[in-house]
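Numbering of ligands and ligand atoms starts at 1, following listing order. As the structure is a prediction and not an experimental result, all values here were calculated from the model.
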Amino acid sequence: MEIIEKVKDEGLQAIQNCTDSKELNQLKVTYLGKKGPVQALMAQMKDLSNEEKPKFGAEVNQLKQLLANAIDEKAKALEEMEMVKKLESEKIDITLPPIETKLGTLHPLTVVQQEIEDLFIGMGYQVAEGPEVEIDEYNFTRANTPEGHPARDMQDTFYIDPTTLLRTQTTAIQMRVLDTAKGKLPIKVICPGKVYRRDDDDATHSHQFTQMEGLVVGENITLADLKGTLQFMADAMFGEGRLLRFRPSYFPFTEPSVEVDVSCHVCQGKGCNVCKQTGWIEVLGAGMVHPNVLEMAGFDSKKCSGFAFGAGIERIAMLKYGIDDIRNFYTNDVRFLKNFNRFD
Ligand code: FA5
Ligand code: MG
């Protein structure tokens, strides 16, 4: 009986002190296994008298049951504890700030191009595009500038072969639009795209730049329509009140022709390097579509008329954002491009 008490006290103590389930399994083997004290007590039964046997047997069984229960309970408690520990260690702190995802930005030229497109789409225009590697015919001949015409020298051209070139003006798209219209009126398009010229790069010139051509052909289209349209575009792009100057000019494909200047944003018209001391920056060429152009594309120039313009998108972006060098658009300095991040 003494031994039973001793095994009971020691066993319960050990189980209580146990701190992990592996150790507990070991205890189970130690106390309740074949070589354990409980089993040893059972083995002693045969040495007892018949009167002692039942009482002793019941005590040992009780001890066995007691230890087994204590182990079960402890196992449950340990399991719970270990689960809590695990949950604790895998806890996610949802208050931590997220890893920042950096969004790209639209290039300022794309922003301006899309703004102009939206403006004209709102007035019922369609957007037309064309190839950058263009045939001479659409870039020059159809634009009333046949081979040998002195106006070809106005745009120093990258030729690929004698009849293929990098287009020098989005006017080439205009000629394609007139061609595919097959005499059907009215036409209202804007034509954005890259153009190429052998110009020397400086603050306002690049050998590759972007133009936005506009073309409207219909009945009774007049110079007043052109002027109103350009004023509308300038007000929308630069805010009302920016000075516009219409200057008589010459293009083979328009008659009459104008060039439109906007007052310089750097010197406010006083004269500086950017405007070459003139106070003005030329943003576009325009005019009434030359009758020869309409006739070559199959339109009756007595029954319809049209206006066209070709704007430099870089120049508009420079005026709009106060950029003083066109080369900024092409050097891809992220510090420059970041200024146009519309998501910040
Ligand atoms: C033309 O290209 C004519 N096709 C425009 C036109 C279209 C006139 C339809 C009439 C009817 P011009 O060469 O001036 O014209 O160029 C038009 C605009 O492109 C200029 O006003 C200027 O804003 C821009 N531009 C011209 N050359 C460069 C250059 N090297 N770098 C940046 N922008 C330029
Ligand atoms: Mg010009």
Side-chain angles (χ1 to χ4, degrees), residues 109 112-113 116 128 130 134 138-140 142-145 149 151-158 165-178 187 189-217 221 223 225-227 229-230 233-234 237-238 244-262 264 274-276 278 280-290 292-294 305-320 323-330:
L109 293 179
V112 170
Q113 181 178 322
I116 301 175
E134 185 54 283
Y138 283 122
N139 196 80
F140 286 127
R142 289 295 190 97
N144 203 27
T145 322
H149 193 293
R152 286 200 177 202
D153 296 342
M154 287 165 73
Q155 299 172 3
D156 210 348
T157 309
F158 290 109
L165 45 77
L166 293 180
R167 70 179 174 207
T168 59
Q169 49 186 355
T170 43
T171 304
I173 309 177
Q174 185 196 142
M175 297 311 149
R176 285 177 175 272
V177 169
L178 285 173
I187 294 170
V189 289
I190 45 162
C191 319
K194 291 192 184 83
V195 298
Y196 303 83
R197 290 183 198 177
R198 295 161 57 118
D199 281 352
D200 290 330
D201 291 7
D202 63 22
T204 54
H205 290 81
S206 174
H207 57 280
Q208 179 238 293
F209 59 103
T210 324
Q211 283 190 335
M212 175 75 79
E213 191 95 352
L215 172 69
V216 173
V217 184
I221 303 294
L223 192 66
D225 297 317
L226 170 64
K227 228 183 145 182
T229 304
L230 294 179
M233 174 166 80
M237 295 312 290
F238 307 125
L244 279 195
R245 178 170 80 171
F246 288 76
R247 185 161 41 77
S249 187
Y250 171 78
F251 296 104
F253 34 88
T254 47
E255 182 59 37
S257 302
V258 292
E259 279 184 309
V260 176
D261 306 331
V262 177
C264 178
V274 176
C275 59
K276 300 203 171 70
T278 63
W280 298 94
I281 292 181
E282 179 196 319
V283 287
L284 60 87
M288 300 307 292
V289 181
H290 197 292
N292 286 356
V293 171
L294 293 173
S305 57
F307 71 69
F309 63 85
I313 292 184
E314 284 81 355
R315 300 276 180 89
I316 292 175
M318 288 171 80
L319 288 162
K320 191 172 164 63
I323 296 161
D324 61 8
D325 197 315
I326 196 170
R327 287 164 288 207
N328 283 327
F329 292 117
Y330 300 107

Listed once per pair and sorted, the salt bridge (charged side-chain N to carboxylate O under 4.0 Å, His left out) pairs that draw on residues 166-177, sequence neighbours left out = E134-R176
State plainly whether the residues D261 and R247 are in salt-bridge range, i.e. N to O under 4.0 Å.
-> yes
Quick one: are V216 and D225 in side-chain contact, heavy atoms under 4.5 Å?
-> no
Of all heavy-atom pairs linking I173 and G130, the shortest is CD1-N, 3.8 Å
For ligand 1, output the ligand-protein N/O contacts shorter than 3.5 angstrom; if there are none, return none.
| residue | atom | partner | partner atom | Å |
| --- | --- | --- | --- | --- |
| ligand 1 | 2 (O) | R197 | NH2 | 2.8 |
| ligand 1 | 2 (O) | Q211 | NE2 | 3.0 |
| ligand 1 | 4 (N) | Q169 | OE1 | 2.7 |
| ligand 1 | 4 (N) | T171 | OG1 | 2.8 |
| ligand 1 | 13 (O) | R197 | NH1 | 2.7 |
| ligand 1 | 13 (O) | R197 | NH2 | 3.1 |
| ligand 1 | 14 (O) | E259 | OE2 | 3.3 |
| ligand 1 | 14 (O) | E282 | OE2 | 3.2 |
| ligand 1 | 16 (O) | Q211 | NE2 | 3.3 |
| ligand 1 | 19 (O) | Q211 | NE2 | 3.3 |
| ligand 1 | 21 (O) | E282 | OE2 | 2.7 |
| ligand 1 | 21 (O) | V283 | O | 3.4 |
| ligand 1 | 21 (O) | L284 | N | 3.2 |
| ligand 1 | 23 (O) | E282 | O | 3.4 |
| ligand 1 | 23 (O) | V283 | O | 3.0 |
| ligand 1 | 23 (O) | G312 | N | 3.4 |
| ligand 1 | 30 (N) | D199 | OD2 | 2.7 |
| ligand 1 | 30 (N) | S206 | N | 3.4 |
| ligand 1 | 30 (N) | S206 | O | 3.0 |
| ligand 1 | 31 (N) | S206 | N | 3.0 |

For the Mg ion (ligand 2), which N, O or S atom of E259 is at the shortest distance?
-> OE2
Between I190 and P192, which heavy-atom pair has the shortest distance, and what is it?
-> O-CD, 3.7 Å
Looking at E282, pick out the N, O or S atom nearest to the Mg ion (ligand 2) and give its name.
-> OE2
Rounding to 0.5 Å, atoms CZ (F246) and CD (E259) come to a distance of 12.0 Å
Have H205 and D200 got a donor and an acceptor in their side chains that come within less than 3.5 Å?
-> no
